[in-house]
Each structure stands twice: as structure tokens, then as C-alpha cells.
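Data block below; observations after.
The sequence lines fix the lettering, A, B, ..., with proteins before strands; numbering per chain opens at 1.
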2 protein chains.
Amino acid sequence: MNTRTALLNSAESAARQRGYDGFSYADLAQEVGIRKASIHHYFPKKADLALELLERYAAGFMDDLAEIDTANSSAADKLRAYHTLYRDALVDGTQLCLCVAFSAGRDSLPEPVLRVLNQFHADSITWLTRVLSIATDDGSVAGLTDAEAEAHATLALMEGAQLVARAADSAAPFDRATAAFIARLSAPSTH
Amino acid sequence: MNTRTALLNSAESAARQRGYDGFSYADLAQEVGIRKASIHHYFPKKADLALELLERYAAGFMDDLAEIDTANSSAADKLRAYHTLYRDALVDGTQLCLCVAFSAGRDSLPEPVLRVLNQFHADSITWLTRVLSIATDDGSVAGLTDAEAEAHATLALMEGAQLVARAADSAAPFDRATAAFIARLSAPSTH
DNA sequence: GTCTATAATGGGATAGAC
DNA sequence: GTCTATCCCATTATAGAC
């Protein structure tokens with residue numbers, strides 16, 4: 001793997017564990033095995049690193065959503081897969097979605113990073129609203145009336161469930177917090 | 001106001017804006033109008049300050065919950081008041097609940113602070129489960145079947161809604177994310 | 001209880017050799 | 001592309017005078 005990618009990978013896991021303020025070039029240098037001055041060759045400022053990090057993360061997430069769309073035909077299946085995305089990102093309560101990790105410390109974020117963060121939220125709402133609109137029509141989510149309101153609620157639920165789990169350093173609170181949401185989804189399609 | 005309280009107040013608003021890693025003794029010194037060395041007279045280590053800060057916050061929050069219980073008779077009214085607590089804590093998207101602000105950067109927190117944080121979550125779940133159990137019986141929350149599962153979901157929803165709002169530096173996302181929850185509550189009692 | 005002074009550490013960042 | 005060496009600054013924390 002090239003050094004640039006290794007640095008981004010190391011920065012991602014550090015940022016998802018400890019936030020933007022919580023990791024340093026010294027941490028990355030140790031993990032990747034170069035001196036911290038060398039990192040500036042790839043990312044002159046920490047702001048450059050943070051921007052590329054979040055852009056890569058958001059793009060990967062949107063790719064995942066597109067793949068969920070093609071791999072699942074029913075709205076309920078898509079929403080289950082969306083839930084799994086957040087569940088897996090938690091690992092064992094040791095890591096957050098990068099956007100959750102960055103949101104809390106928003107005041108330290110460079111302005112371009114903040115823009116990508118809010119775009120991520122906007123894109124998530126667009127995707128959720130579309131899927132939940134389908135669910136409103138086909139009845140595959142129990143008690144669903146307002147797709148857009150539920151889209152905002154679902155995003156907040158996933159992010160909040162991750163946060164509570166992170167505080168406990170365990171995935172269990174995430175599962176408890178999202179159980180009622182999963183229970184509303186109609187049975188998985190079997191073909 | 002005594003200096004100790006002024007320091008706690010200043011630290012609280014700073015921590016709720018920028019997290020545990022995001023505020024320093026220098027910030028507090030400037031706001032309170034003493035030198036930063038003098039802060040160590042009240043709080044020898046930053047860990048001491050953080051612990052007292054969160055203990056005070058959690059105690060105040062539990063007092064608020066007790067007051068909500070006495071001031072509201074119906075479960076729906078109590079849940080509306082609970083929602084208002086989180087809504088007001090947001091200010092205009094500039095401040096988080098202290099527990100939300102601390103959760104993201106949990107790795108920097110001293111261990112005693114972490115214990116208070118998890119106790120806060122446990123106490124919140126206890127309160128929500130009790131209120132939602134009443135609602136299960138009197139039917140004042142639409143589509144409610146499992147009180148404990150909904151308690152965990154409600155806590156995650158409030159915390160996540162705050163986080164999304166904080167990212168946007170605006171209260172609007174909080175209102176959008178919680179609208180569906182509020183819509184499930186039966187009409188306010190009028191006496 | 002508050003101050004000045006200072007230590008000790010770690011952060012982001014740069015210059016210039018190789 | 002990576003290194004050593006260095007700078008400047010902010011941070012938490014302590015010692016000791018007033």
C-alpha cells in the first residue's frame with residue numbers, strides 16, 4: 001500500500017476513535033512508520049488531511065448506499081442494510097462513523113470540512129426520504145406516515161445510537177436503541 | 001457569584017460547545033477574570049474539574065426529570081417536557097447536552113467521569129422506561145408496544161438529533177428529527 | 001485566594017540535507 | 001520522498017511570593 005493511503009487509513013481509525021482534536025501527526029507517524037515531518041509532504045496542513053479524509057469517507061458511504069440500492073429490492077431490506085452499515089461502523093463500540101466523530105467537535109473543523117459534513121447529512125436525508133417514500137407506498141414499514149420526517153428521525157437515531165454505544169465502549173446500546181426501528185420493518189424478502 | 005461557581009459555569013458552556021479536549025484553563029481564566037494558575041486552587045487537575053462539572057450537570061438533569069414528573073400528570077406531557085429539555089439545551093445549535101459533548105471524546109475522559117456519564121445514561125433509561133410503561137397502559141403514545149426498547153430509542157434519538165443540529169450550527173435539524181416522535185404523543189392535557 | 005514565574009510536554013509546521 | 005533539526009505556540013501543572 002502506498003504511504004498516502006496508509007496515512008489516510010491510520011488517520012481514519014484514529015479520528016473515528018478520538019475525534020479531530022484527538023489525533024496528531026505523531027500518532028500517524030508511529031503507526032505508518034515514518035517521521036511526522038514526512039507527513040507534511042502529503043498533507044501540508046492537518047486541515048488538508050481532514051478534508052481528504054472526510055471526502056473519501058463520504059464518497060465510500062454513498063457508494064455503499066448505491067450498492068444497497070442494487071442489492072436489495074424491497075424498502076425494508078434497504079433499511080435493514082442501512083442499519084447494518086452503522087452497526088458495522090461501530091466495530092465493538094470503539095469506533096464511530098467519521099461524521100459522528102467530527103460533529104461533536106465541529107468548532108475545531110476547518111470550514112471546507114464542515115461543508116462536506118453537512119453535504120453528507122443532506123445526501124443521507126435524500127436517500128432515506130426516497131427509500132421511506134417507497135415504504136410509505138408498499139407498507140413495508142409499520143406506522144409510517146411522513147417519509148421525510150422519518151428520514152430525519154432515522155439519521156438522528158443511527159447517529160445517537162452510535163454515540164451512546166461509544167460512551168459505553170460496547171455495541172450493545174446500539175442494538176437496544178435500534179431494535180424498535182428494526183421491528184417495524186416487514187420480513188426480509190427470500191429470493 | 002463565587003469564583004468556584006463562575007469557573008464551573010464557564011467550563012460548562014465551553015465544554016458543551018467544544019468538548020473536553022476543546023477547552024483550556026486559559027479560556028476559563030479569561031472569561032472569569034483571574035489567572036489560569038489560580039484555577040488550580042479550586043480544581044488541582046482538569047480531571048477534578050471535569051468530574052465536578054458532569055456530576056453537577058447530571059444532578060441538575062435528574063432534578064429536572066423529577067420536576068417534570070410532578071408538573072405533568074400524563075405520560076405524553078412528560079415526554080413533551082423531556083423533549084423540551086433537550087431542545088432548550090441546544091440553544092441555537094451552539095451547545096450540546098454535556099453528556100453528548102463528552103461521549104464523542106470518551107477516550108480523553110478520566111475514568112471517574114466516564115462512570116458518571118454511563119450512570120446518566122442508565123438513569124435516563126430508567127426514567128424513560130417508567131414513563132413509557134405508563135404510556136403503554138394509557139395509550140397516549142401511538143404505536144407503542146415495547147416500553148424499554150422505546151426508551152433506548154428515545155434517548156438515542158434526542159442525542160442524535162442534537163448532534164446533527166450541532167453539525168449544522170442550527171436548531172432546525174433537531175426539530176425535523178424529533179417531529180415524528182412528537183406527532184406520536186396524544187394531545188396535551190388542558191387543566 | 002490570587003499572583004508571577006517557570007517547568008515539562010506535546011502540538012502543528014518549516015528549512016534544508018540526503 | 002524521507003530524514004534531522006528546529007521553531008513557535010498552547011497546554012497542564014507546580015513552586016513560592018504576597
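- Side-chain atoms of B:N72 do not come within 3.5 Å of backbone N or O of B:S74 as any donor-acceptor pair.
- Scanning residues 13-31 of chain A for heavy-atom distances under 4.0 Å to DNA chain C yields A:F23, A:S24, A:Y25, A:A26.
- Panel note: side chain B:R16, backbone B:Q95; no donor-acceptor pair is recorded below 3.5 Å.
- Nucleotides of DNA chain C lying under 4.0 Å from heavy atoms of chain A occupy a range whose first and last members, 5' to 3', are C:dG11 to C:dT14.
- Projected onto DNA chain D by closest heavy-atom contact, A:K36 and A:Y42 fall at different nucleotides, the more 5' of which corresponds to A:Y42.
- The aromatic rings of B:Y82 and B:W127 lie parallel to each other, with less than 30° between the two planes, well short of the 60° mark.
- Counting non-hydrogen atoms of neighbouring residues, nucleotides and ligands closer than 6.0 angstrom, the CZ atom of B:R35 reaches no more than 12 such neighbours.
- Side-chain atoms of A:R106 come within 3.5 Å of backbone N or O of B:R166 as a donor-acceptor pair.
- Aromatic ring pairs are classed by plane angle as parallel below 30°, tilted from 30° to 60° and perpendicular above 60°; the pair B:Y86 and B:F61 is perpendicular.
- Rounding to the nearest 0.5 angstrom, the gap separating the CD1 atom in A:I39 from the CG atom in A:L49 is 8.0 Å.
- A:Q162 has its side chain out of reach of B:E159: every pair of non-hydrogen atoms, C-beta onward, lies at least 4.5 Å apart.
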